[in-house]
Protein chains: 4
Amino acid sequence: MLSFESDYIAGAHPDILRRLAETNLEPLPGYGTDKYCESAKEKIRAAVGCPEADVEFLSGGTQTNALIIAALLPAWCGVISAETGHINAHEAGAVEYTGHKVISLPQQEGKINSADLSAWLSAFFADENREHMVQPGMVYLSWPTEYGTLYSKAELESISALCKQYGLYLFIDGARLGYGLTSPAADITLPELASLCDVFYIGGTKVGALCGEAVVFPKGARPPHFINTVKQHGALLAKGRLLGVQFDTLFTDDLYFRISRHAIALAEELKKVFLDCGIPFALSSSTNQQFVILENSRLEALREKVRFSFWEKHDDTHTVVRFATGWSTTEEDIAALRDILLSSCKL
Amino acid sequence: MLSFESDYIAGAHPDILRRLAETNLEPLPGYGTDKYCESAKEKIRAAVGCPEADVEFLSGGTQTNALIIAALLPAWCGVISAETGHINAHEAGAVEYTGHKVISLPQQEGKINSADLSAWLSAFFADENREHMVQPGMVYLSWPTEYGTLYSKAELESISALCKQYGLYLFIDGARLGYGLTSPAADITLPELASLCDVFYIGGTKVGALCGEAVVFPKGARPPHFINTVKQHGALLAKGRLLGVQFDTLFTDDLYFRISRHAIALAEELKKVFLDCGIPFALSSSTNQQFVILENSRLEALREKVRFSFWEKHDDTHTVVRFATGWSTTEEDIAALRDILLSSCKL
Amino acid sequence: MLSFESDYIAGAHPDILRRLAETNLEPLPGYGTDKYCESAKEKIRAAVGCPEADVEFLSGGTQTNALIIAALLPAWCGVISAETGHINAHEAGAVEYTGHKVISLPQQEGKINSADLSAWLSAFFADENREHMVQPGMVYLSWPTEYGTLYSKAELESISALCKQYGLYLFIDGARLGYGLTSPAADITLPELASLCDVFYIGGTKVGALCGEAVVFPKGARPPHFINTVKQHGALLAKGRLLGVQFDTLFTDDLYFRISRHAIALAEELKKVFLDCGIPFALSSSTNQQFVILENSRLEALREKVRFSFWEKHDDTHTVVRFATGWSTTEEDIAALRDILLSSCKL
Amino acid sequence: MLSFESDYIAGAHPDILRRLAETNLEPLPGYGTDKYCESAKEKIRAAVGCPEADVEFLSGGTQTNALIIAALLPAWCGVISAETGHINAHEAGAVEYTGHKVISLPQQEGKINSADLSAWLSAFFADENREHMVQPGMVYLSWPTEYGTLYSKAELESISALCKQYGLYLFIDGARLGYGLTSPAADITLPELASLCDVFYIGGTKVGALCGEAVVFPKGARPPHFINTVKQHGALLAKGRLLGVQFDTLFTDDLYFRISRHAIALAEELKKVFLDCGIPFALSSSTNQQFVILENSRLEALREKVRFSFWEKHDDTHTVVRFATGWSTTEEDIAALRDILLSSCKL
């Protein structure tokens with residue numbers, strides 16, 4: 001069935017599968033110490049423009065978020081996030097399971113703004129009861145956000161400056177980083193983004209890999225005993241090559257960005273389909289996830305012909321749903337969706 | 001110096017000290033297995049009108065909150081609280097340290113309302129992504145709240161009914177329970193309150209004891225291996241008699257309620273002082289904590305003559321502060337405060 | 001370079017890669033809800049002879065151990081393990097990170113014995129201080145053990161009976177289950193093993209998969225909200241198909257057992273090589289991991305020609321090392337090792 | 001009934017109760033910021049001979065152990081303890097609950113020896129798999145031990161030197177510190193002991209207080225945000241004066257040592273009683289806890305006349321039990337015990 005359910009509906013980009021097959025018989029040491037991991041790290045250091053960066057590979061987004069936050073924060077610290085941030089809303093309490101509070105701030109289209117953050121921090125450090133409160137230790141942003149939106153370069157600079165001023169880590173969740181960097185709305189490059197934060201990751205799972213996220217500490221400040229930490233979180237793959245070969249492939253011949261540009265181009269066509277069919281957007285997303293508002297009866301009818309994701313209740317008779325493009329989405333998929341929607345419009 | 005800083009500025013009610021001295025030489029078994037603990041439990045069962053209740057003693061409010069929540073909730077569950085709830089705002093992340101998320105709801109004068117709760121629960125259980133979300137397992141209320149306000153009996157019944165409907169525990173933080181029960185605004189008795197929840201505690205620390213909270217499971221459903229849990233949390237006192245003797249005394253000759261009524265009566269006089277001096281209330285509290293708004297310059301001047309607590313910033317030139325009464329507050333204290341405020345008014 | 005470093009030195013069995021490629025373009029729902037996961041579960045239910053079994057897929061052994069233990073045990077319980085058990089020795093404290101103590105018992109060739117276990121349990125439940133102690137909640141066994149040895153059917157029955165008697169879960173770590181079942185020393189079938197425990201897993205990572213372990217609850221007693229738990233541990237793969245397709249392939253046409261038998265056959269030849277070269281065994285292993293004692297100077301010389309794993313210090317001049325076979329080991333590898341060892345014998 | 005059950009069978013030393021009463025009405029700030037806490041800290045700094053020491057008060061031994069270990073160790077580290085160490089055996093997994101492994105070493109009469117420790121550390125740091133293992137971060141000793149025995153000054157120096165060599169914290173659990181320092185077998189002073197470790201505590205609960213342990217960081221290296229950590233563990237008493245007044249009293253006029261010497265003197269008499277009655281010691285303790293071996297039938301008979309503690313099974317017909325002296329033990333108690341034992345000998 002036609003599916004726009006997510007950007008992880010298909011397997012891996014064929015180049016990745018090919019490289020996995022080509023390297024399959026080579027005996028390699030385990031736990032991420034193989035040459036493909038090394039090569040991938042070197043390519044990523046070049047791509048982010050940080051020759052001193054530490055790069056580490058993990059399997060998935062929630063694992064990465066919880067592990068990085070727990071690895072960097074002392075026990076008494078929490079992490080600030082938009083209330084809609086993935087760590088606050090859709091990770092089943094993985095961060096709290098490691099003992100840390102997620103301190104949520106109000107959001108607009110998935111983003112916190114630096115004025116709110118500044119006001120919150122200023123109030124916190126003026127609060128005479130703060131020895132009884134969770135200390136802020138980090139700001140977490142997703143870029144793109146869970147709503148497909150992007151912080152501008154100026155917004156990131158402003159938040160980054162606040163983090164420096166208050167001694168907080170800035171951590172950017174880049175589960176869909178490629179779709180941000182190749183969005184028509186992006187005004188920031190990968191090296192610029194890297195220079196503004198303490199740690200971020202380059203999502204693989206949602207950008208053509210079977211699994212895998214590349215965590216980058218741009219300044220080389222990986223926490224000590226990081227492999228112990230990865231093992232302790234149950235996140236150390238014996239066949240680390242699975243991640244190394246995938247990222248080595250993604251960062252060869254611009255594949256990561258080719259995949260991203262493809263999905264963005266089709267997302268732009270997807271937007272036109274919704275516009276043409278008169279289906280309203282829940283908000284304006286410039287990346288590969290598009291959120292539209294469907295009448296509940298239409299939603300049910302549509303589900304028989306195409307897969308998409310429930311996002312949230314809009315009102316008693318309408319629902320916000322998500323359509324996503326990815327490496328495997330085709331022009332034919334878009335055309336087929338247009339046909340379905342047009343015919344369903346007529347109902 | 002004159003102090004309205006809190007309801008824990010003095011030591012224990014003299015009756016408690018006397019009983020500690022009288023029983024001091026008796027050799028007793030440790031860890032809460034002594035006869036004073038037993039006697040206190042029996043008296044509390046009678047006071048709450050639940051002959052089958054399990055009663056356990058712990059040392060302080062934060063310890064009790066974190067331990068009870070962790071003891072009752074499975075790992076995948078979080079606890080719903082007003083955003084101003086003590087567990088969410090002023091316990092340094094003690095609940096999250098046990099691995100559980102505090103799910104915060106908006107508050108009005110320190111209270112959540114059942115309409116908001118109902119809407120939240122209904123949306124949660126309709127959310128198709130809820131396997132990726134923290135499951136609600138408990139509702140936490142403080143009674144009185146952190147702002148001195150009280151849920152009415154009808155409000156508690158409504159929230160209790162929602163908890164039953166959705167299979168959630170209802171946990172009432174009674175760190176200042178006595179001041180609620182003896183407030184002129186209260187419309188509920190202790191047995192009625194007990195009948196509406198799964199677990200609550202009767203605060204001792206802030207109602208005349210040196211330390212101690214009496215946890216009550218009205219239906220007798222104390223979690224299994226509770227002593228193991230108390231020990232694991234570092235909360236098991238070797239000299240459990242310290243808690244047993246204190247609660248046995250508090251529940252002898254109505255002492256707990258005499259202390260509470262005394263503080264409430266003086267809080268009513270305190271309110272008159274503020275009214276008479278034209279000092280505005282931040283909100284209307286009917287218990288022993290009163291919150292008023294002071295100009296920042298006046299606040300600093302006043303601090304040289306009387307102790308009170310910073311609560312929160314009101315605006316750039318004003319601050320909300322707390323004045324509290326307790327077992328040791330006297331008519332003379334109130335009169336002295338009146339003099340200070342009246343003279344400071346003239347400034 | 002020739003490598004017997006582990007059973008995870010190569011990628012996946014070619015049949016697995018082929019199936020990943022064949023299914024790659026199919027749009028599938030995420031998070032393990034796809035048809036390949038379903039098919040794999042059905043085949044595993046048949047293989048273990050438990051039509052009612054719950055089967056779940058996770059990525060690696062440490063992740064599985066920590067997650068299953070945390071999911072089943074209440075907070076006050078610990079897990080009993082041989083002191084050499086993987087969870088006690090080589091998982092960087094992953095179990096303790098979830099809050100549970102590993103209670104270690106003495107081992108012989110990697111195994112605990114039921115007499116020791118019985119004595120320990122009997123002493124524990126007679127101990128008057130046990131409210132101050134970690135309660136035993138589970139017995140953890142690895143089969144094969146970390147030393148390649150196997151509990152006999154009678155030994156497993158005896159331990160299983162003790163677990164039933166004392167109300168403990170029995171959890172079998174089958175990271176290398178296939179090599180146990182196909183060992184010439186095995187006297188138990190997969191359905192028999194399943195019938196003796198509450199939960200076990202069928203290791204994929206070390207038996208031909210890129211990653212993946214299939215957790216089996218033979219009696220269908222998967223803990224409630226298991227997906228929430230998996231997500232909370234950061235263990236839920238968006239592309240759950242990666243695990244589903246692999247296990248579906250492993251349990252098609254007997255592949256899992258063909259791989260296992262191949263490795264066992266070559267391990268038998270490997271043993272002959274060591275015997276022929278006069279290299280002493282550290283202990284008698286009947287599975288795919290062989291442990292031999294090397295003089296330290298010879299170890300260093302050998303490392304230039306073949307890869308193997310440090311295991312532990314034997315004495316000041318000798319070291320125990322591990323040689324393992326796997327799906328990709330060939331007759332040629334064994335022959336090449338024989339040549340190297342024979343020539344190094346002459347040194 | 002006559003009781004030698006523990007050193008916490010009575011309430012507080014009368015001087016402590018008197019001071020609590022004398023200071024009871026003074027309004028004091030909460031959470032340990034009062035003048036009695038300050039005064040007690042100053043006196044303790046003098047007693048330990050460390051003018052720069054940080055001193056903090058907590059309520060009980062298990063709470064202190066878990067909190068200090070969690071506050072000092074990074075997540076990837078464990079704490080080394082004798083297998084009979086309190087944290088390993090009798091704290092219901094409180095340390096593991098904070099996420100840290102207790103790495104147990106063999107013991108002799110409750111003590112580890114530095115040769116075993118040295119061998120273990122040397123093997124650990126030579127182990128090529130140590131990225132998969134819990135890193136040692138601290139050595140925990142109890143002084144006196146759980147068996148009443150004492151490390152000599154030379155033994156402590158040797159262990160302290162190993163800790164420095166390997167970069168480990170040395171933490172001394174002094175729940176019964178006074179009974180060690182005043183033991184006839186002690187060859188070390190309090191300042192000497194303080195100089196050998198990174199953190200230790202002076203037990204109050206078992207040396208005359210109602211509750212309370214004074215944690216000392218001799219070099220002033222209290223972890224940052226310590227009050228946040230205390231609050232997060234639920235260990236911050238609102239009426240911190242309860243601990244301040246008690247320790248201020250204990251360290252006034254040598255009371256802490258007078259109590260200790262009294263108990264030690266009576267323990268020496270207690271030993272004579274056992275000798276005279278032909279009751280064998282389980283081991284040789286030089287402090288206030290004495291461990292003797294009783295035939296099980298005699299144990300039951302004796303329990304009707306005197307309270308003591310079960311310690312552990314000795315063999316099928318004998319049990320090790322503990323008799324302890326404390327501040328409230330009298331010459332008359334010893335005489336009464338002698339009579340009981342002599343008459344029971346005749347049975």
Side-chain angles (χ1 to χ4, degrees), chain A residues 5-6 61-62 66 69-70 73-79 83 86-104 106 119-120 122-137 146 296 299 303 308-316 319-322, chain B residues 5-6 61-62 66 69-70 73-79 83 86-104 106 119-120 122-137 146 296 299 303 308-316 319-322:
Chain A
E5 196 175 3
S6 71
T62 297
I69 290 167
L73 290 187
W76 66 83
C77 282
V79 52
E83 58 188 328
H86 208 254
I87 57 168
N88 193 49
H90 287 107
E91 298 193 349
V95 170
E96 290 87 355
Y97 191 66
T98 73
H100 298 280
K101 188 180 189 69
V102 180
I103 302 163
S104 65
W120 189 92
S122 153
F124 179 86
F125 287 104
D127 194 316
E128 295 181 10
N129 298 313
R130 67 185 178 280
E131 286 197 326
H132 295 224
M133 296 161 77
V134 176
Q135 301 290 313
E146 295 72 14
N296 290 347
L299 181 155
R303 274 193 166 172
F308 48 88
S309 291
F310 169 93
W311 209 249
E312 61 198 18
K313 185 177 164 174
H314 181 72
D315 60 30
D316 281 350
T319 299
V320 176
V321 300
R322 180 186 71 175
Chain B
E5 197 174 2
S6 71
T62 297
I69 290 167
L73 290 188
W76 66 81
C77 282
V79 52
E83 59 188 328
H86 208 253
I87 57 168
N88 194 48
H90 287 108
E91 298 192 349
V95 171
E96 290 87 354
Y97 191 67
T98 72
H100 298 281
K101 188 179 190 71
V102 180
I103 302 163
S104 65
W120 188 91
S122 154
F124 179 87
F125 286 104
D127 194 317
E128 296 182 10
N129 298 313
R130 67 186 178 279
E131 285 198 326
H132 295 224
M133 295 162 77
V134 175
Q135 302 290 313
E146 295 72 13
N296 290 347
L299 181 156
R303 274 193 166 171
F308 49 88
S309 290
F310 169 93
W311 209 248
E312 62 198 18
K313 185 177 164 173
H314 182 71
D315 60 29
D316 281 350
T319 299
V320 176
V321 300
R322 180 186 73 177

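The basis for the numbers below is simple: all heavy atoms, side chains too, and nothing from hydrogens, waters or symmetry mates.
Counting heavy atoms from C-beta on, the side chains of Ser309(A) and Glu128(B) never come closer than 4.5 Å. Counting heavy atoms from C-beta on, the side chains of His86(B) and Thr62(B) come closer than 4.5 Å.
For Phe124(B), the ring-ring contact (aromatic ring centres under 6.0 Å, His included) test picks out Trp120(B), with sequence neighbours left out. Under the rule for a side-chain contact (heavy atoms from CB on, under 4.5 Å), the partners of Glu96(B) that lie at least two apart in sequence or sit in another chain are Glu96(A), Lys101(A), Val102(B).
Heavy-atom pairs under 4.5 Å with chain B peak, among Ala89(A), Gly78(A), Cys77(A), at Ala89(A).
Heavy-atom distances place the backbone of His100(A), and not its side chain, under 4.5 Å from chain B. With a threshold of 4.5 angstrom between heavy atoms, Ala126(B) approaches chain A through N, CA, C or O but not through any side-chain atom. Residue contact with chain A, scored on non-hydrogen atoms closer than 4.5 Å, involves the backbone of Glu91(B) exclusively.
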